[in-house]
2 protein chains.
Amino acid sequence: MTQKATFDLEDFLPYLLTQAAEASSLEFQQHYKGRYGMLRTEWRVLFHLGRFGAMTAKEICARSGIHKTKVSRAVAALERKRYLSREVLETDRRLESLGLTPMGERVFADLLGAAQRFDSAMTAHFTDQEEAVLRRCLTRIARLP
Amino acid sequence: MTQKATFDLEDFLPYLLTQAAEASSLEFQQHYKGRYGMLRTEWRVLFHLGRFGAMTAKEICARSGIHKTKVSRAVAALERKRYLSREVLETDRRLESLGLTPMGERVFADLLGAAQRFDSAMTAHFTDQEEAVLRRCLTRIARLP
DNA sequence: CCTTGTTAGTTACAAAACCAACTAATATCC
DNA sequence: GGATATTAGTTGGTTTTGTAACTAACAAGG
């Protein structure tokens, strides 16, 4: 990219990314927070369990990159809401299999649909080519370190 | 974009945006946090003052979109660090002109350089065309609501 | 002027994130 | 087999954020 004479915060990619992320996340919050009183980490944990089936907290951490303390609190919150149930594994009693309850499954189905529609509405602003580039670049940035 | 059969969290744009934003922000944090003990809002306020010169807190809010309570706390923190000084305006004594001290200017110059290098290093992973699309899409998303 | 309304900025309190220490169960190694 | 180390998950204490109420200065209408 040709170098600019001035450098504003809007030219700084981490800033641009943060602004875009906040704008889109805030809007989608309405669905999981407004309708189900869930926090973002709870929604993400619910998603993983709904999408991939029962697993341990450790596996959720590995898949999502969320820290174990956040997962632990999200699991406790989802359990209080009766969206999730635990079962200690007899093969290794440190481990708990975490699974969605029928109610949790219904919430997941609802939020999954909302997420798909939200995503479609967002990408409708772009051409197929733009969207492909956007997703590719974001994926690469997310894996940078 | 052609519809996918399955929908994973990685396909959800707000999630992808958040992951990319966190990855890039975390890395750049080292500069302002590691070297100067600053929080992100402090860095952003410092940037605006360095880039555009002295202004009131209200103007920082308008330019940056940061809420006034966060600006208020960031200003107080920057003042404690002696990077910023205030001057009550006699024309309207509710207003304070906020400006960087010489030390604040030095910190700004250092961080500005770091930001430019960081940005260049990031965009080096993309073609000019990809970068243009990326920035355009992000800007549009950031202004969605 | 002098009540009423607005604006700039701060502060107080509650919600949430962060980090580090902790418990309980299992694995390892002599 | 028993001390030591690891691993899964939780909890406590501190920082940071968010929200809403607050103060001080100015503005406007009567």
Side-chain angles (χ1 to χ4, degrees), chain A residues 18-19 21-23 25-27 29-30 32-34 36-46 48-49 54-81 84-99, chain B residues 18-19 21-23 25-27 29-30 32-34 36-46 48-49 54-81 84-99:
Chain A
T18 302
Q19 293 296 105
E22 275 177 19
S25 292
L26 265 176
E27 213 181 326
Q29 250 194 17
Q30 296 182 312
Y32 57 80
K33 188 173 185 183
Y36 300 107
M38 288 163 67
L39 260 26
R40 180 142 55 121
T41 307
E42 293 169 44
W43 145 240
R44 283 169 66 177
V45 167
L46 183 96
H48 280 281
L49 294 176
M55 63 179 87
T56 66
K58 183 70 198 264
E59 287 175 299
I60 295 175
C61 293
R63 277 186 189 276
S64 65
I66 305 174
H67 193 270
K68 62 179 181 174
T69 63
K70 284 174 93 170
V71 169
S72 172
R73 288 181 163 119
V75 165
L78 290 171
E79 193 182 25
R80 273 195 301 277
K81 296 184 177 83
L84 173 154
S85 66
R86 318 186 192 220
E87 188 187 353
V88 173
L89 294 183
E90 280 312 314
T91 55
D92 182 341
R93 302 199 15 261
R94 288 171 305 184
L95 303 175
E96 289 177 320
S97 175
L98 306 170
Chain B
T18 302
Q19 293 296 104
E22 274 177 21
S25 292
L26 264 176
E27 214 181 325
Q29 250 194 16
Q30 296 183 312
Y32 58 80
K33 188 173 185 183
Y36 300 109
M38 289 164 65
L39 261 25
R40 181 141 52 121
T41 308
E42 293 169 44
W43 145 240
R44 283 169 66 177
V45 166
L46 183 95
H48 280 280
L49 293 176
M55 63 179 87
T56 66
K58 183 70 198 261
E59 287 175 300
I60 295 175
C61 293
R63 277 186 188 277
S64 65
I66 305 173
H67 193 270
K68 61 179 183 174
T69 63
K70 284 175 92 172
V71 169
S72 173
R73 291 196 256 246
V75 165
L78 290 171
E79 192 182 28
R80 275 195 300 277
K81 296 185 177 83
L84 173 154
S85 65
R86 318 185 190 220
E87 190 187 350
V88 173
L89 295 183
E90 280 313 313
T91 54
D92 183 341
R93 299 193 23 256
R94 288 172 304 184
L95 302 175
E96 289 176 320
S97 174
L98 306 170

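Residue numbering restarts at 1 for every chain, and letters A, B, ... go by the order of the sequence lines. Just so it is clear, the structure is predicted and the values come from calculations on it, not from any experiment.
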**Complete:** With B for base contact, S for sugar-phosphate-only contact and - for none (protein heavy atoms under 4.0 Å), nucleotides 16-25 of chain D reads SSBBB----B
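Across the protein-nucleic acid pair, Ile66(B) atom CD1 and dA8(C) atom P stand 17 Å apart, rounded to whole Å. The CD1-P distance, from Ile60(A) to dT10(D), rounds to 10 Å in whole Å. One atom, CG of Leu95(A), and another, P of dA24(C), lie 17 Å apart when rounded to the nearest Å. Taking atom CD on Gln29(B) and atom P on dA17(C), their separation rounds to 16 Å, with Å as the unit. One atom, CD of Glu96(B), and another, P of dT7(C), lie 19 Å apart when rounded to the nearest Å. In this structure, Glu42(A) atom CD and dA15(C) atom P are separated by 14 Å, rounded to whole Å.
Minimum heavy-atom separation, Leu46(A) to Leu78(A): N-CD1, 4.1 Å. Heavy atoms only, all atoms of each residue included: Gly99(B) and Ala54(B) are closest at CA-CB, 4.1 Å.
The shortest distance between side-chain heavy atoms of Arg86(B) and Val75(B) falls below 4.5 Å. Within the 4.5 Å cutoff, no side-chain heavy atoms of Lys58(A) are placed close to those of Val71(A). Thr18(A) places a side-chain heavy atom less than 4.5 Å from the side chain of Arg40(B).
Each of Met55(B), Lys70(B), Arg44(B) was compared with Ile60(B) under the side chain to side chain contact (heavy atoms under 4.5 Å, CB included) criterion, and only Met55(B) meets it.
Applying the 4.0 Å criterion to OP1 and OP2 of dG9(D), one finds that Ser72(A) has every side-chain N and O outside that range.
The nearest heavy atom of DNA chain D to Thr91(B) and to Glu59(A) marks one nucleotide each, and the one closer to the 5' end goes with Glu59(A).
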